[in-house]
Amino acid sequence: MSLLENLNPEQLAAVTLPRESALILAGAGSGKTKVLTARIAWLIQTGQVGPGGVLAVTFTNKASKEMLHRISTMLPINTRAMWVGTFHGLCNRMLRAHWKDAGLPQAFQILDTQDQLSAIKRMFKVLNIDTEKFPPKQLVYFISAAKEQGLRPKDVEAHDEYHRMMVRLYEAYEAQCQREGVVDFSELLLRSFELLGANAALREHYQSRFKYILVDEFQDTNTLQYHWLKRLSGPQGCIFAVGDDDQSIYAFRGARVANMAQFERDFDVQNRIKLEQNYRSVGNVLKAANHLIANNKGRLGKELWTEAGEGEPLRVYEAVSDQDEAAFIIDRIKKLINEEGYSRSDIALLYRSNAQSRVLEQALFNAAIPYRVYGGLRFFERAEIKHALAYLRLLDNADDDNSFSRVVNFPTRGIGARSIEMLQDLATQQGISLFRGVRLMEGRPAASLQKFNELIERMRFEVRGLGLAELVDKVIEASGLIEHFQKDREGEDRIENLKELVNAAASFAAAEGYYQDKPATETDEEKLISPLNDFLSHASLEAGDNAAAAGQDAVQLMTAHAAKGLEFKCVFVTGLEEGIFPHENSIGNSMQAGDGASVDAVEEERRLMYVAITRAREQLFISHAQQRMLHGQIRYHMRSRFLDELPEEVIKWLTPKRAHVASQGWNNAGAGDWGSNAGFSGNGGGYGGKKTTPRPYPIGTGVAHARFGSGVVVAYEGEGDELRVQINFGKQGMKWLMVSLAKLEKV
DNA sequence: CCCGTCAAGGTTTTT
DNA sequence: CCTTGACGGG
């Protein structure tokens, strides 16, 4: 059977498991997508289940598209009957099919994070909330956290005034969303979860329908997602969970690795299959990764191996500065391209946080090397696109006050804050939406508002019978957005993007009906509006590409987080410094996991480093800098503990490896090939020369402290007896010490 | 209503 | 350093 060819014994065992729940521990590069798709194809091909009996869930749209694509190359079936998608996409699909049972309007809209925040700001204005005392973002966080625990306002325990207030605001927010017919991301999940709980017939229908449920990146599931899976699969449920605890890097947003162990208990899992053979990286890369991750406690346990050769050793470079680090990278990139025949897109530069890309970009730009940065605004998040979508949403659901507020005076049509305030008061008092409120308005300001309403009504009329793309085009034109941006000197790109939105609508329509479970009883009116509604859901659930313009062959720049799931022949992991990677907020800190339990934050950083390392197929370069510009200040960092956790035998130091303290001043720092030509500027401050108290340890020097061990002097503040020194003690974190009290020794 | 200035603050991110 | 958000004048 061709399906099962090219599978190793463990992969084969996983793919052909009988109908029972199983946990597949799939290491980086071990062929996890292959196993997931082959399992689905095998189940269907052997007649154990029809396409309609399969549900597969992923975290990103990219992953689910990839899965669908691979399945369709393996099997000549209609993949549309399968439920393959993200948690949010599948919940949306379910809620669209059962909107009435879920207590939602048929044309409910989905709020993305931006929309949710503006909805809350709008609500705060109406309720006269002091945003100094209660920042809107904190409510967003509070609500998401509550929903992810499956808690409605009545279920949240509040023990102090602040939390009681948050609960009241959560309640008010829910009421507002319900009135406006909108749901936020977590609401999609919670609503779907509650629907399955409340409606036994529906629950049993889905439980018997989805004979096989498959979950990708199981280590990233949060509490609510786990319970949703449990409820959906039911007592006879069969869940095939694929994940890697060592690649769990999203605890900060609620992911709960402990779900893996809980899953084994709750589902009485008999089979834990480990996929440890790696098909991506050379031996030295895997040795480094294994050795590093072994420092974490409580792992499920796994060791990657390969049949490939050792490959090059990991090259490690200690830079004098961030500039120097960039210069080293540029030089190596040139070698890789010119002498070793790699193309630019084979090369990735990874860093811990986005701010680090600046120096690298500058250096690449100066060297005229094309590059592409991942991260930042995505297509459907752009302001002009959000505006256009707001008009479309108003056609679809006139009660969407968020959208109303966004475009009622954009482009400007003489509707000021005063008019909106009056309208808002009226609408609040009547308990109706802004759009409906306009009809009840009287007096002068009402005229321009009524004109706006008429515009929307006219659009709705003119758009009748049009295809989706024509509809979008028409609305953009009639909204006055194009005209508005034509007047704008920098509006050209925005007009381009609006045209692109029409294209997006066209290709969305071309991909044919998005949901196959639509009841076949649509009226003409519903038929008109339904593709639009589907498109709007799509726009909210899939924000689009977040990479800078896809030019030619380019070097890839991204955070270690963004690199998860990707692979490159040559990888540079940069900024391996205590305080950068691991990030300073993680050092000496534990963090809250999805269930409120405390987890070691440095361990998550270590897993992130593990992810970064395992992106490399052939060549891996690791670098750190003694000093770098951060928040407008030069900061001094010790070399990262993660560097010292890599096995000596796979490392080749390009600069002399130094004993414990990373920095001993820069006089001897540029000993390597690159130090001398580094674009290293400034002396790092501290020598201001005014009437300051003498500073016994120059910034950048190594010192030792009886309790904290060795560290690097970072900064000073105060004068005389009050003179304090800031020292980066690496694993002990950053400390401010009184020079007069702390017994420091130069190292 | 638009644009300027100033202060604040600054991990990681998908849906 | 550099971006984002909040105010006040033209």
Side-chain angles (χ1 to χ4, degrees), chain A residues 57-64 85-92 110-118 121 131-132 135-137 144 147-148 183-190 192 216-217 220-222 224-225 248-255 322 350-359 362 374-378 380-381 409-420 484 487-489 537-546 558-565 575 579-587 589 591 601 604-605 607-609 611-612 628-635 682:
Chain A
V57 59
T58 64
F59 275 85
T60 65
N61 292 297
K62 202 175 150 201
S64 55
T86 62
F87 277 101
H88 296 84
L90 297 179
C91 287
N92 179 50
I110 301 165
L111 302 183
D112 67 18
T113 317
Q114 277 180 45
D115 300 331
Q116 190 188 12
L117 187 63
S118 41
K121 284 182 178 165
T131 51
E132 300 276 288
K137 272 196 183 139
S144 305
K147 288 187 179 177
E148 279 170 20
V183 298
D184 60 41
F185 284 135
S186 348
E187 184 70 23
L188 283 170
L189 277 154
L190 183 53
S192 165
D216 190 17
E217 306 276 18
D220 287 339
T221 50
N222 66 30
L224 180 55
Q225 287 160 343
S248 162
I249 55 173
Y250 287 117
F252 73 90
R253 66 173 197 212
D322 47 356
L350 308 184
Y351 34 80
R352 174 68 233 284
S353 64
N354 288 304
Q356 288 167 252
S357 75
R358 181 175 292 299
V359 189
Q362 198 94 54
Y374 286 75
L377 263 203
R378 315 170 68 174
F380 286 112
E381 290 168 356
N409 198 35
F410 194 93
T412 49
R413 35 179 84 87
I415 298 169
R418 186 81 202 100
S419 309
I420 298 298
H484 175 264
K487 288 182 202 145
D488 194 336
R489 268 172 282 113
S537 301
H538 165 79
S540 300
L541 292 174
E542 196 168 341
D545 202 352
N546 71 345
M558 66 194 80
T559 62
H561 282 93
K564 191 177 169 209
I580 298 287
F581 201 171
H583 193 276
E584 60 183 330
N585 294 162
S586 74
I587 295 172
N589 266 316
M591 63 195 285
E604 176 144 316
E605 297 284 305
R607 292 191 290 270
L608 184 58
M609 180 64 183
V611 167
R628 77 170 59 238
M629 192 63 113
L630 196 67
H631 304 331
Q633 271 189 323
I634 294 173
R635 297 246 315 218

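All values reported here derive from a predicted model rather than from experimental measurement. Just so it is clear: chains get the letters A, B, ... in the order the sequence lines come, proteins before strands, and each one is counted from 1.
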Practice item. Select from A:Glu605 and A:Ala417 the residue whose nearest nucleotide in DNA chain B is closer to the 5' end of that strand. Key: A:Ala417
Revision key, fill the gap. Comparing nearest nucleotides in DNA chain B, the 5'-proximal residue of the pair A:Arg378, A:Ala355 is A:Ala355
Report yes if at least one side-chain N or O of [X] is closer than 4.0 Å to OP1 or OP2 of [N]; otherwise report no.
X	N	answer
A:Ser540	B:dT15	no
A:Asn61	B:dT14	no
A:Arg253	B:dT11	no
A:Asn354	B:dT11	no

Mind checking [X] for me? I need base, sugar-phosphate or nothing, with any heavy atom below 4.0 Å counting as a touch.
X	answer
A:Asn409	sugar-phosphate
A:Phe59	sugar-phosphate
A:Phe87	nothing
A:Gly414	nothing
A:Arg352	base

Out of curiosity, [X] [atom1] to [Y] [atom2], how far, rounded to the nearest 0.5 Å?
X	Y	atom1	atom2	value
A:Asp220	A:Thr58	CG	OG1	11.0 Å
A:Ile580	A:Glu605	CD1	CD	10.5 Å
A:Asp322	A:Tyr351	CG	OH	14.0 Å

Point to revise | Donor-acceptor pair present, A:Thr113 side chain and B:dT15 base, under 3.5 Å | key: yes
Exercise for review: Check whether the ring centres of A:His561 and A:Phe252 lie less than 6.0 Å apart, and answer yes or no.
Suggested key: yes
Review point. When you compare C:dT4 with B:dT13, how far apart are their P atoms, in angstrom units rounded to a whole number?
Key: 15 Å
Review point. When the P atoms of B:dT12 and C:dG5 are considered, how many whole Å apart are they?
Key: 15 Å
Nearest listed nucleotide, side chain of [X], among [options]:
X	options	result
A:Thr60	B:dT15, B:dT11, C:dT3	B:dT15
A:Met629	B:dT13, C:dT3, C:dC1	C:dC1
A:His88	B:dG10, B:dC1, B:dT15	B:dT15
A:Ala562	B:dT13, B:dT11, B:dC2	B:dT13

Check your understanding: Does B:dT12 have A:Phe252 stacked on its base, where the ring centres are within less than 5.5 Å and the planes differ by under 30°?
Key -> yes
Point to revise | pi-stack flag for A:His583 and B:dT11, centroid dist under 5.5 Å, interplanar under 30° | key: yes
Practice item. Quick one: do A:Glu584 and A:Arg352 satisfy salt bridge (charged side-chain N to carboxylate O under 4.0 Å, His left out)? Show the steps, please. Key: CA-CA 11 Å; A:Glu584 60 183 330; A:Arg352 174 68 233 284; over 6 Å; no
Point to revise | In B:dT11, glycosidic geometry as syn within 90° of 0 or anti otherwise | key: syn
